[in-house]
Amino acid sequence: NRSVPATPRPPTIAEFAASFWKYLHKPDATYRSWGSPGKTAVLNTDGSHGAFGRTFLNELADRNLRQLPIGSVLVREEYDADGQALRNISVMYRSKATNPKNGNWYWMLYQPNGKLARTPREQGNREMAGRIGVCIECHRHAAGNDFVFLNDRSVPGAPKAPGTP
């Protein structure tokens, strides 16, 4: 009578989000020490991510902004109209085979305290992590079919590809 070794179960959405939050806040390398296309708050014209925001890129994304590879992490701090009060922290994590139809992006929306934001009660009060429809629907309109607006030439302040005016 041989026992079969237990297969570790995958983490729940909440467990993964909690571990990712810890990763973003490592004492020796918090996401705020990562690269940022703009160190100051910039106006977000459509308001979907707050009136003001600041985006940080992990090293992999920062080196490859035009072709964000698997392992890229983008973190956007979202502020209210005063530009001071942190409203949310949005995360895009490109992970192999997460969602090939939608660029393999895994989405998370955190409250400032590190807890996952939730959809409104009338939309099921679900954790906002994983394949978030509202994120996908908006980001599918990004140029280049990469689901990222930050590297689109049409976005004011977006970096330009080498050799372009």
Side-chain angles (χ1 to χ4, degrees), residues 11 13-99 102-117 127-132 134-136 138-164:
I13 289 174
E15 289 168 342
F16 179 77
S19 68
F20 208 88
W21 181 260
K22 286 180 185 175
Y23 163 75
L24 294 175
H25 290 85
K26 290 189 297 189
D28 58 335
T30 175
Y31 73 85
R32 287 185 173 178
S33 68
W34 296 355
S36 176
K39 289 292 185 187
T40 58
V42 294
L43 182 64
N44 179 347
T45 55
D46 71 2
S48 62
H49 285 281
F52 290 89
R54 191 165 59 170
T55 302
F56 300 89
L57 313 169
N58 71 349
E59 186 177 346
L60 189 61
D62 201 26
R63 283 193 325 250
N64 303 287
L65 188 57
R66 284 281 170 210
Q67 295 179 327
L68 295 155
I70 297 297
S72 294
V73 179
L74 289 71
V75 178
R76 180 169 172 87
E77 294 180 338
E78 303 164 2
Y79 294 89
D80 282 333
D82 63 5
Q84 302 295 314
L86 183 62
R87 188 176 96 175
N88 289 308
I89 299 168
S90 293
V91 175
M92 291 176 67
Y93 169 47
R94 197 165 220 173
S95 179
K96 186 175 182 178
T98 295
N99 189 356
N102 295 302
N104 282 317
W105 289 107
Y106 189 93
W107 314 79
M108 290 170 275
L109 181 63
Y110 292 99
Q111 299 171 33
N113 64 4
K115 302 286 185 201
L116 279 176
E127 298 162 317
M128 294 194 67
R131 297 177 185 173
I132 303 174
V134 67
C135 299
I136 293 168
C138 178
H139 280 259
R140 78 173 56 246
H141 299 290
N145 197 32
D146 64 0
F147 291 81
V148 178
F149 291 102
L150 184 65
N151 58 9
D152 292 351
R153 291 190 71 205
S154 63
V155 176
K160 294 182 172 80
T164 60

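- Asn113 is linked by a side chain to side chain contact (heavy atoms under 4.5 Å, CB included) to Gln111, Lys115, counting only residues two or more places apart in sequence or in another chain.
- For Arg63, the side chain to side chain donor-acceptor pair (under 3.5 Å) partners two or more places apart in sequence, or in a different chain, are Glu59.
- Counting all heavy atoms, side chain and backbone alike, Ala129 lies closest to Ile13 at CB-CG2, 3.5 Å.
- Here the shortest heavy-atom pairing between Arg76 and Gly53 reads NH2-CA, 3.6 Å.
- Nearest heavy atom pair, residue Arg54 against residue Tyr79, reads NH2-OH, 4.1 Å.
- With sequence neighbours excluded, the residues forming a side chain to side chain donor-acceptor pair (under 3.5 Å) with Ser90 are His49, Glu78, listed by chain and number.
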- [ ] Evaluate the side-chain contact (heavy atoms from CB on, under 4.5 Å) criterion for residues Ile136 and Arg131: first the C-alpha distance (whole Å), next the side-chain angles of each, then the deciding distance (0.1 Å), finally the verdict.
- [x] CA-CA 7 Å; Ile136 293 168; Arg131 297 177 185 173; 4.2 Å; yes
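- The list of salt bridge (charged side-chain N to carboxylate O under 4.0 Å, His left out) pairs with a residue in residues 89-99, not counting sequence neighbours, is empty.
- Looking at every heavy atom in both residues, Ile89 comes nearest to Tyr31 through CD1-OH, 3.7 Å.
- Listed by chain and number, the residues in a side chain to side chain contact (heavy atoms under 4.5 Å, CB included) with Asn64 are Leu60, Pro69 (sequence neighbours excluded).
- With values rounded to the nearest 0.5 angstrom, Ser72 atom OG is found 11.5 Å from Asn104 atom CG.
- Under the rule for a side chain to side chain contact (heavy atoms under 4.5 Å, CB included), the partners of Thr30 that lie at least two apart in sequence or sit in another chain are His25, Arg32.
- For Asn58, there are no side chain to side chain donor-acceptor pair (under 3.5 Å) partners, not counting sequence neighbours.
- Distance CD1/Ile132 to NE2/His139: 10.0 Å, rounded to 0.5 Å.
- Between Trp107 and Trp105, the angle of the ring planes lies from 30° to 60°, which puts this pair in the tilted group.
- In this structure, Trp21 has its ring center under 6.0 Å from that of Tyr110.
- Val148 is listed as a side-chain neighbour of Leu68, based on a closest heavy-atom distance under 4.5 Å.
- Legend: residues meeting side chain to side chain contact (heavy atoms under 4.5 Å, CB included) with Ala14, ordered by chain and number and at least two apart, are Thr12, Glu127.
- The shortest distance between side-chain heavy atoms of Glu77 and Phe56 falls below 4.5 Å.
- Not counting sequence neighbours, the partners of Thr98 by the side chain to side chain donor-acceptor pair (under 3.5 Å) test are Ser95.
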TODO: Might you work through the side-chain contact (heavy atoms from CB on, under 4.5 Å) test for Leu74 and Val91, ending with a clear yes or no?
DONE: CA-CA 6 Å; Leu74 289 71; Val91 175; over 6 Å; no
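- Taking CZ from Phe149 and SG from Cys138, the interatomic distance works out to 4.5 Å, rounded to the nearest 0.5 Å.
- Separating the CG atom in Asn88 from the CG atom in Leu109 is a distance of 4.5 Å, to the nearest 0.5 Å.
- The two residues Asp62 and Gly35 make their nearest non-hydrogen contact at OD2-CA, 3.7 Å.
- Side chains of Leu150 and Leu65 form a contact here, defined as non-hydrogen atoms less than 4.5 Å apart.
- Each salt bridge (charged side-chain N to carboxylate O under 4.0 Å, His left out) pair with one or both residues in residues 14-26, not counting sequence neighbours, appears once here: Arg9-Glu15.
- Taking the side chain as every heavy atom from C-beta outward, Arg140 and Asn102 approach each other to under 4.5 Å.
- Between Leu86 and Asp80, the closest side-chain pair of non-hydrogen atoms is not below 4.5 Å.
- The line from CG of Asp82 to CZ of Arg87 is 11.5 Å long, rounded to the nearest 0.5 Å.
- In terms of heavy-atom proximity, Thr55 sits nearest to Leu57 at CG2-CD2, 4.1 Å.
- Qualifying ring-ring contact (aromatic ring centres under 6.0 Å, His included) partners for Tyr106, counting only residues two or more places apart in sequence or in other chains: Phe16.
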